[in-house]
Amino acid sequence: MNHSKAFFATLALLLFHMAGYDLSAQSPVDYVSPLIGTQSSFELSSGNTYPVIGRPWGMNSWTPMTGKPGDGWQYTYTAHKIRGFKQTHQPSPWINDYGQFFIMPLMAPPAPHGEGAEDMKKWYSLFDTEHSASWFSHKAESVTPYYYSVYLASHDTFVELTPTERAVIFRVAYPKKSRAEQLRWLLLDAFDSGSHIEQKDAYTLQGISRKNSGGVPENFACHFTLKFSTPIKGLHKIDPDVAGHARVAVEIESPEVEIRIASSFISARQAEQNLLEVADKSFEQVRDSGRAEWNRLLGRIEIEGGSTDQRRTFYSALYRSLLFPRRFYEIDPKGKIVHYSPFNGQVLPGYLYTDTGFWDTFRSLFPLLNLLYPEENIKMQEGLLNSYRESGFFPEWASPGHRDCMVGNNSASVLADAYLKGVMVKDTATLRAGLLHGANAVHPSVSSTGRKGWEAYNELGYVPCDIGIKESAARTLEYAYNDWCIWQLGRKLKWEASLLNTLAQRAMNYRNLFDPETSLMRGRKSDGTFQTPFSPLKWGDAFTEGNAWHYTWSVFHDPKGLASLMGGDRKMSLMLDSVFSTPPVFDESYYGFVIHEIREMQIANMGNYAHGNQPIQHMIYLYNYIGEPWKAQSRLREVMDKLYKPTPDGYCGDEDNGQTSAWYVFSALGFYPVAPASEQYVLGSPIFPKVKIALPNGRRLLLNAKGNTSDTPYIYGMTVDGKVWNKNFLTYSQLLKGGEISFEMSNKPNRERGITEEDKPYSFSNEYGRAVSGNKL
């Protein structure tokens with residue numbers, strides 16, 4: 001290590017000690033590994049994540065870039081070279097990125113003077129990502145949510161970065177002695193699609209990146225500014241004749257330089273304003289502030305016991321749950337909250353969040369925010385109202401504006417669950433208007449926003465499979481649940497009886513797709529006949545990234561009704577068991593190749609259970625609805641122990657904006673929101689002996705499972721504040737009161753607990769008759 005790098009490393013350790021950190025003690029953020037899930041590819045996802053270095057819900061994040069610019073797999077654990085350090089907003093490799101640019105410190109010869117075009121072309125080539133990329137090792141890489149560092153071996157250069165919400169500080173240590181043939185450079189690349197970079201003064205660069213993957217209006221731009229701690233010695237445009245792609249090589253004279261960077265979606269002036277987040281702060285102050293912020297939020301859950309790997313997995317999952325949706329708003333010079341609208345291109349007041357797909361995150365990510373982080377989620381909910389005001393629809397997949405991806409109208413679940421959990425927007429008139437419009441319309445240019453096929457759904461009670469609308473059964477099942485969510489909210493807000501009656505009836509539309517011959521959901525034609533031929537193992541077609549064995553369980557709000565269709569609890573139990581006993585065979589003909597979700601199911605050795613994708617993630621909890629909670633407890637432990645690891649291949653499929661992580665957070669605590677917009681959390685199997693939860697209302701909740709081990713997955717008995725509790729669920733009100741919930745765990749199931757009708761969780765069938773008759777509920 002050269003003297004500069006040794007100085008920085010020693011200084012970092014010294015400052016950590018001076019700040020009062022006990023490096024032998026583990027705080028929540030110390031357990032987090034942002035590298036979990038990064039060992040992924042197009043063919044097989046182990047998370048499809050990248051190391052997000054940022055603040056919770058930060059507008060901008062940063063990541064080391066091992067892939068080629070524009071590659072959705074921008075960081076892959078198995079890569080050997082780093083190509084740059086990128087500002088990123090990417091929610092997934094399938095959606096890709098926007099608001100992106102990158103820097104790369106490197107050593108290279110001086111620019112030719114008075115030479116020919118060929119010499120300049122050769123010199124330019126030194127700055128393309130094939131030549132400027134550097135070998136690196138994970139052994140010389142430090143990765144935390146708030147700080148990243150790496151040794152770039154090919155350039156003998158040490159790089160550190162630490163971000164705020166909208167800015168970042170880089171610290172670069174080049175070789176101390178620079179030879180004439182090797183100068184210190186910083187490559188700044190703003191991508192193609194009409195980017196621009198210019199020097200403003202001796203210390204400052206400004207630029208614009210317009211590179212995006214969709215979901216933006218014509219005037220979209222990411223304005224960025226860089227301020228160097230030492231004067232810029234020289235600036236050279238790389239390939240200046242390549243139109244629309246701005247790249248510059250900045251000559252750096254000092255071997256040690258700090259670069260402060262910020263960006264804005266509003267203007268260059270606002271980017272300068274955002275730079276104030278780091279303008280008068282040292283690298284150490286920003287780093288320590290980031291560490292404290294992560295600990296503040298992760299620390300709302302305090303774990304005692306469990307293995308180190310379990311704690312690492314848990315806090316890493318909680319970290320992933322606090323990244324998306326990201327803040328898309330900024331604070332102007334007058335201190336007002338403003339945002340650039342990706343829907344109409346205007347700068348408008350108020351909050352806006354983006355980079356999430358509700359098809360994934362309605363299931364457990366947003367319920368987790370409602371329970372533990374309502375102060376953030378209320379801003380998200382207000383932002384959703386702004387989305388409707390600015391575009392005429394609530395988003396279903398946003399990045400940054402509406403994106404055509406997935407199915408369902410699950411904004412209804414997100415909005416209803418928040419309001420019913422006390423995260424209440426003030427403008428309930430706009431809330432109602434947006435929900436009802438989205439349930440009875442489809443976006444004119446983004447077919448996944450609103451409800452595609454809503455006319456047929458409203459008329460027939462299902463989306464037919466023969467009218468040119470793909471994945472019709474998946475849409476029907478999700479629309480029915482979405483109608484129940486709207487009904488729940490409407491009941492709370494005392495909407496008119498006729499509207500509530502219509503919503504309640506539509507909430508039962510899932511029954512229209514149930515095939516009694518197979519006891520599975522099945523596509524249905526306009527004339528009422530079922531789709532033929534029918535293979536329960538066929539992925540896609542009438543379903544979305546799954547088959548009939550996966551989507552049949554998408555009756556979140558009425559498992560009792562589903563059990564009745566199947567012929568009772570015993571028959572449903574056999575069907576649930578069959579998901580695991582059916583071999584992992586599949587029919588991929590709809591796609592024409594084996595999509596990664598299929599492959600992830602195949603290799604998990606859990607039959608046809610496909611936890612790597614979202615539709616089935618609640619399924620195991622359904623054993624509680626048929627009086628067999630011990631089966632849920634055993635299977636949930638198996639999934640947590642087998643499919644989640646604190647390793648680069650630690651997920652069993654796409655992590656998907658916090659959803660698969662939030663599933664683990666809830667399940668590790670011992671309960672899960674099967675039906676968001678209900679008050680209940682269905683019991684599972686807690687994995688830690690003791691958990692202390694600091695609730696946002698100031699109360700504390702203790703989850704006590706004394707003596708809990710990996711060999712005791714079963715809940716033998718349970719008390720809530722000292723009173724025996726035999727039900728298979730907890731309520732939101734119970735949790736919010738705080739107090740103590742005690743689990744008596746065992747290596748043997750208690751087949752006498754949780755077996756009565758009163759012990760079963762909520763199902764809409766229990767109140768459907770009164771709902772449509774107009775009787776008070």
Side-chain angles (χ1 to χ4, degrees), residues 358-371 408-423 435 474 476-492 500 503-504 506-511 521 550-565 572 576 614-627 629 632 636 659 662-663 665-667 669-684 727-735 754 757-768 771 777:
F358 291 155
W359 184 83
D360 303 292
T361 55
F362 85 84
R363 304 166 195 268
S364 61
L365 186 278
F366 277 92
L368 183 67
L369 299 180
N370 286 328
L371 181 63
N409 177 217
N410 296 302
S411 56
S413 176
V414 171
L415 288 154
D417 187 46
Y419 195 91
L420 293 165
K421 295 295 193 304
V423 185
L435 286 171
T476 298
L477 293 170
E478 294 188 29
Y479 293 168
Y481 163 69
N482 302 149
D483 279 326
W484 173 81
C485 291
I486 300 172
W487 176 81
Q488 282 278 75
L489 178 65
R491 184 172 62 159
K492 171 77 172 180
L500 293 177
L503 291 166
R506 290 177 181 169
M508 301 299 278
N509 279 344
Y510 70 88
R511 299 182 299 185
M521 297 295 175
H550 306 145
Y551 250 97
T552 291
W553 314 107
S554 293
V555 188
F556 313 94
H557 59 300
D558 196 19
K560 178 180 180 179
L562 179 60
S564 296
L565 291 174
M572 182 161 163
L576 286 166
Q614 282 65 40
I616 207 169
Q617 287 183 350
H618 69 292
M619 187 212 83
I620 294 175
Y621 284 95
L622 298 187
Y623 282 112
N624 286 280
Y625 293 78
I626 55 174
L636 289 167
Q659 164 56 30
W663 184 96
V665 171
F666 268 122
S667 296
L669 296 178
F671 50 88
Y672 183 81
V674 169
S678 78
E679 208 207 13
Q680 295 181 358
Y681 303 85
V682 181
L683 289 176
K727 300 186 186 301
N728 296 332
F729 59 88
L730 295 164
T731 69
Y732 177 71
S733 300
Q734 282 177 311
L735 298 180
E757 284 298 315
E758 292 73 22
D759 296 335
K760 297 176 182 178
Y762 171 90
S763 282
F764 184 48
S765 286
N766 290 332
E767 56 184 357
Y768 174 65
L777 295 174

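Counting from 1, the numbers follow the sequence of the chain as shown.
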If we ignore angles and hydrogens, is there a donor and acceptor under 3.5 Å between the side chains of [X] and [Y]?
{"X": "Gln659", "Y": "Ser364", "answer": "yes"}
{"X": "Asn370", "Y": "Asp417", "answer": "yes"}
{"X": "Ser554", "Y": "Glu478", "answer": "no"}

### Message
Walk me through whether Phe729 and Tyr672 qualify under ring-ring contact (aromatic ring centres under 6.0 Å, His included).
### Response
CA-CA 9 Å; Phe729 59 88; Tyr672 183 81; over 10 Å; no
Is the side chain of [X] donor-acceptor paired with the backbone N or O of [Y] at a distance under 3.5 Å, no angle test?
{"X": "His618", "Y": "Trp553", "answer": "yes"}
{"X": "Ser763", "Y": "Asp558", "answer": "no"}
{"X": "Gln488", "Y": "Ala677", "answer": "yes"}
{"X": "Ser678", "Y": "Ala675", "answer": "yes"}
{"X": "Asn728", "Y": "Asn624", "answer": "yes"}

Aromatic ring proximity, centroids under 6.0 angstrom, [Y] and [X]:
{"X": "Trp487", "Y": "Phe764", "result": "yes"}
{"X": "Tyr621", "Y": "Phe666", "result": "no"}
{"X": "Tyr510", "Y": "Phe556", "result": "no"}

Enter the distance from [X]:[atom1] to [Y]:[atom2] here, rounded to the nearest 0.5 Å.
{"X": "Met619", "Y": "Leu576", "atom1": "CE", "atom2": "CG", "answer": "5.0 Å"}
{"X": "Tyr625", "Y": "Asp759", "atom1": "OH", "atom2": "CG", "answer": "13.5 Å"}
{"X": "Ser765", "Y": "Met508", "atom1": "OG", "atom2": "CE", "answer": "4.0 Å"}
{"X": "Phe671", "Y": "Leu730", "atom1": "CZ", "atom2": "CG", "answer": "6.5 Å"}

Less than 4.5 Å apart, any side-chain heavy atom of [X] and any of [Y]?
{"X": "Tyr681", "Y": "Leu735", "answer": "yes"}
{"X": "Leu365", "Y": "Asp360", "answer": "no"}
{"X": "Phe362", "Y": "Pro673", "answer": "no"}
{"X": "Arg506", "Y": "Tyr479", "answer": "no"}
{"X": "Lys727", "Y": "Leu683", "answer": "no"}
{"X": "Leu477", "Y": "Tyr551", "answer": "yes"}

Tell me the closest heavy-atom pair linking [X] and [Y], and the distance in Å.
{"X": "Trp484", "Y": "Pro676", "result": "CZ3-O, 3.3 Å"}
{"X": "Asn509", "Y": "Thr476", "result": "O-CG2, 4.3 Å"}
{"X": "Gln680", "Y": "Tyr762", "result": "OE1-N, 2.6 Å"}

### Query
When you measure from the centre of the six-membered ring of Tyr419, is the NZ or CZ of Lys492 under 6.0 Å away and within 45° of the axis?
no
